Amino acid sequence: KNLGKRIKTSQVKCVSGILVLAIFSIPFAAWPGNSFDFLITTYWKTILVFILILGLVTSMKDIDRVIWAFLIAVGFLGVFSVVSDIQGIAFGKERVAITATYDANDLAMVMIVAFPFAVFWFLGRKGTRRLIFGGLTALIIMTVILTSSRGGFVGFLGVSLAILLRARRILKNAFVPLIIIAILGSGTFFFYAKSAFLERMSTILTYEQDYNVTDYSGRIEIWKRGLKMMAENPILGVGINGFTTAEGLSHKDIGGKWSTAHNSFIQMGGELGVMGLILFCYIIWTSLKGIKKVLKSVSQEKKAYPILTTLSAIQCSWIGYAIGGVFLSAAHSPLFFLLAGLSTVIPFLINDMEKATVSTPKGGATRLSSPKPSRGRIG
C-alpha cells in the first residue's frame, strides 16, 4: 500500500521522466555509443539506488542504516584522500583524486553532501558517537582542502551557512556544540590548509583575471556553449553523458580542451534538453519543500532531536548539492538519487509514526514529539 503511494510522488514521476528522456536521447546523441554505454553500465546503478531506497526503506531505523552506510563510505574516501596526499607529495601532486571514479571536483561534491550529516549527528548525539562524528567532520574538512576545488569550497561555505542557520532553529542548547564545531573546523582548516590551497582560493576574489573568465576554455565560455547546446537541442539534448563530446565538437576546427559542463544544471539541460532541466530542478524543489513541511510537524522536544537532526541534515545537503552544482558537474551523481530517495520516503515514515504513536483522547492528531523507543531513533 505504502509503495503504491510512494510511486505516485513527484520525485518518482520526475526520475521516471528523466530516465525516459535518457533512453530516447540515445539515437540523437552527439555520440550514441557513449550514451548507450553510460546508460547500461553506470546510470542504471544510480537509478537502482533510488529504487532500493523507495522499496526497502520502511522505518526510520532503515534511514539510519542508509545514512550510516553513506558516512562510512565517506570516511573511507577521506582516509584514502589523506593517504593519497601523503603519497602524492613526493610526486609533486597538488590536488587529491581517488582513482578514476572521483576527480578532485567529484570528491568535493561528495564531501559537501556528507558534511551536514556529520555535523548534525554530532550535535544530536553524545558520548562515543559524538566523538566519531566530530572526527568525521574534521576528516571531511581536510578532504575538501585537499581537493583544492574552488567550486567545492564555495559549496562548502554555502552549506556551512545553511547548517548554522538550521542548527540555531532546532537545537535550543546548541551553542556549546556549535562553538566546538567552529573551533574544530577552524583548527582543521588553518592547520591543514597549505599555501597552494590558500593561493588557489584567493583567486575567487580576483575572478576577473582568472582563466575561467578570460579564456575560451574557461567556465564562462563553457557555460555559454552549454546554453547554446540546450537552445539548439531543446527536446532531447545531446544525449546523456554527451556534454563533453558535444562541447568538444563545437570547437573542433580551432582545437582546444574538450570540457565537462562544470555546472550540473547546464549539464542536465544540455544533455537531456529543457524538459530534463525542468524535471531535475523540480526534484530538488519538491524535495526541499517536502522536508520543510515534515520539519514543521515534528516538535522541538529533546526526545525528537534524532529525527530533527536527520531531517535538517537532508535539507542542508540538498542546499549544498544545489550550490555546489552551480560549479560542478554532478547532474547524474548517485548523491542526487540518494537525497531524492530519502526525501521521498521520509514524509511517509513520519506520517505513519504520527498515526501509530500519537493521538488525542478525542481522536485528533498532535504533533510528533518522539517515535517509538529505540526503533525510531536515528544514530
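A quick note: this is a predicted structure, and the numbers were derived from the prediction, not measured.
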- Give the cluster check for Val57 versus Leu52: same hydrophobic cluster or not, with ILVMFWY residues linked at side-chain heavy-atom distances below 4.5 Å. no
- Message: Ring-plane angle category for Phe327 and Trp223, please: parallel below 30°, perpendicular beyond 60°, tilted otherwise.
- Response: tilted
- Decide yes or no for Trp258 and Leu249: does some side-chain heavy atom of the first lie under 4.5 Å from some side-chain heavy atom of the second? yes
- Message: Is any side-chain heavy atom of Leu54 closer than 4.5 Å to one of Ile7?
- Response: yes
- Give the ring-plane orientation class for Phe265 versus Phe280, where under 30° counts as parallel, over 60° as perpendicular and anything between as tilted. perpendicular
- Query: Do Ile284 and Phe115 belong together in a cluster built from hydrophobic side chains that touch within less than 4.5 Å?
  - Reply: yes
- So CD1 of Ile291 and CD1 of Ile314: to nearest 0.5 Å the spacing works out to 5.0 Å
- So, do Ser287 and Leu339 sit near enough that their side-chain heavy atoms are less than 4.5 Å apart? no
- Message: Rounded at 0.5 Å granularity, tell me how far CG in Leu311 sits from CG in Leu342.
- Response: 10.5 Å
- Task: State, to 0.1 Å, how close Ile220 and Val213 come at their nearest heavy-atom pair, and which atoms those are.
- Result: CG1-CA, 4.0 Å
- What's the spacing between Ile140 CD1 and Leu77 CG if we round to 0.5 Å? 10.0 Å
- Query: Can you name the nearest heavy-atom pair linking Arg166 to Cys316, along with the distance?
  - Reply: CB-SG, 3.9 Å
- Message: Tell me whether the rings of Tyr321 and Trp318 are parallel (<30°), tilted (30 to 60°) or perpendicular (>60°).
- Response: perpendicular
- Message: Ignoring hydrogens, what is the shortest heavy-atom contact between Pro116 and Val159? Give both atom names and the distance.
- Response: CG-CG2, 3.5 Å
- Task: Indicate yes or no for a side-chain donor-acceptor contact from Asn263 to the backbone of Ile266 under 3.5 Å, with no hydrogens or angles considered.
- Result: yes
- How about Leu295 and Ser312: do any of their side-chain heavy atoms sit closer than 4.5 Å? yes
- Co-membership, hydrophobic cluster, residues Ile278 and Ile23, 4.5 Å side-chain: yes
- Message: Whether the His262 and Gln267 side chains hold a donor-acceptor pair (N or O, under 3.5 Å, no angle test) is what I'd like checked.
- Response: no
- Does Ser149 offer a backbone N or O that forms a donor-acceptor pair with the side chain of Asn105 under 3.5 Å? no
- Query: Could you state the interatomic distance from CD1 (Ile112) to OG (Ser160), rounded to the nearest 0.5 Å?
  - Reply: 9.0 Å
- Message: Would Phe133 and Trp68 count as a ring-ring contact (aromatic ring centres under 6.0 Å, His included) here? Give the steps.
- Response: CA-CA 11 Å; Phe133 297 126; Trp68 263 110; 5.3 Å; yes
- State yes or no: do Leu161 and Val119 share one hydrophobic cluster built from I, L, V, M, F, W and Y residues joined by side-chain heavy-atom distances below 4.5 Å, directly or via other members? no
- Expected output: side-chain Asn351 to main-chain Pro347 donor-acceptor under 3.5 Å: no
- Given salt bridge (Lys or Arg N to Asp or Glu O under 4.0 Å), test Asp64 with Lys61 step by step and report yes or no. CA-CA 5 Å; Asp64 179 11; Lys61 193 172 184 179; over 6 Å; no
- Query: Does Val110 reach the side chain of Thr143, with side-chain heavy atoms less than 4.5 Å apart?
  - Reply: no
- Query: What closest approach, in Å, do Ala114 and Leu71 show between heavy atoms, and which atom pair accounts for it?
  - Reply: O-CD2, 4.1 Å
- Task: Please answer whether the main-chain N or O of Gly218 pairs with a side-chain N or O of Asp215 as donor and acceptor at a distance below 3.5 Å.
- Result: no
- Are any side-chain N or O atoms of Ser333 and backbone N or O atoms of Ala330, one a donor and one an acceptor, separated by less than 3.5 Å? no
- Query: Distance from Ile18 atom CD1 to Ile47 atom CD1, nearest 0.5 Å?
  - Reply: 7.5 Å
- Please walk me through it: do Leu335 and Phe70 pass side-chain contact (heavy atoms from CB on, under 4.5 Å)? CA-CA 10 Å; Leu335 299 170; Phe70 174 53; 3.7 Å; yes
- Item | Flag, side chain of Trp44 to backbone of Ile40, donor-acceptor distance under 3.5 Å | yes
- Is the Phe337 ring parallel, tilted or perpendicular to the Phe50 ring (thresholds 30°, 60°)? perpendicular
- Message: One pair to check against side-chain contact (heavy atoms from CB on, under 4.5 Å): Ile254 and His251. What are the steps and the verdict?
- Response: CA-CA 6 Å; Ile254 62 175; His251 55 80; 3.8 Å; yes
- Verdict with supporting geometry, Ile63 and Thr310, side-chain contact (heavy atoms from CB on, under 4.5 Å): CA-CA 9 Å; Ile63 296 289; Thr310 297; 4.2 Å; yes
- Look up atom CG in Leu107 and atom OG in Ser148, then write down how far apart they are to the nearest 0.5 Å. 11.0 Å
- Query: Donor-acceptor pair, Ser317 side chain versus Val113 backbone, under 3.5 Å?
  - Reply: yes
- Message: Quick one, Thr46 and Phe336 - any side-chain contact, counting heavy atoms below 4.5 Å?
- Response: no
- Between Val66 and Leu338, does a side-chain contact (heavy atoms from CB on, under 4.5 Å) hold up when you go through it step by step? CA-CA 9 Å; Val66 171; Leu338 170 66; 3.8 Å; yes
- Is the OH atom of Tyr216 crowded by more than 12 outside heavy atoms at less than 6.0 Å? yes
- Should the heavy atoms of other residues, nucleotides or ligands under 6.0 Å from CE of Met275 be counted, would the total exceed 12? no
- Message: We want to know whether Thr309 and Trp121 form a side-chain donor-acceptor pair, criterion being a heavy-atom distance below 3.5 angstrom.
- Response: no
- Task: Verify the cluster assignment for Phe76 and Leu136: are they in a single hydrophobic cluster under the rule of side-chain heavy atoms below 4.5 Å apart?
- Result: yes
- Query: Is there a donor-acceptor pair closer than 3.5 Å between any side-chain N or O of Gln11 and the backbone N or O of Ile283?
  - Reply: no
- Task: Could you check if a side-chain atom of His332 sits within less than 4.5 angstrom of a side-chain atom of Phe38, using non-hydrogen atoms only?
- Result: yes
- Query: Taking the side chain from Ser264 and the backbone from Leu328, do they hold a donor-acceptor pair closer than 3.5 Å?
  - Reply: yes
- Shortest non-hydrogen contact between Ile53 and Arg6, atoms and distance: O-NH1, 4.2 Å
- Heavy-atom pair with the smallest gap, counting every atom of Ala22 and Ile240: CB-CD1, 3.7 Å
- Task: Keeping the roles fixed (side chain from Ser297, backbone from Val294), state whether a donor-acceptor pair exists under 3.5 Å.
- Result: yes
- Query: Do Met229 and Glu271 come within less than 4.5 Å of each other through their side chains, counting heavy atoms only?
  - Reply: no
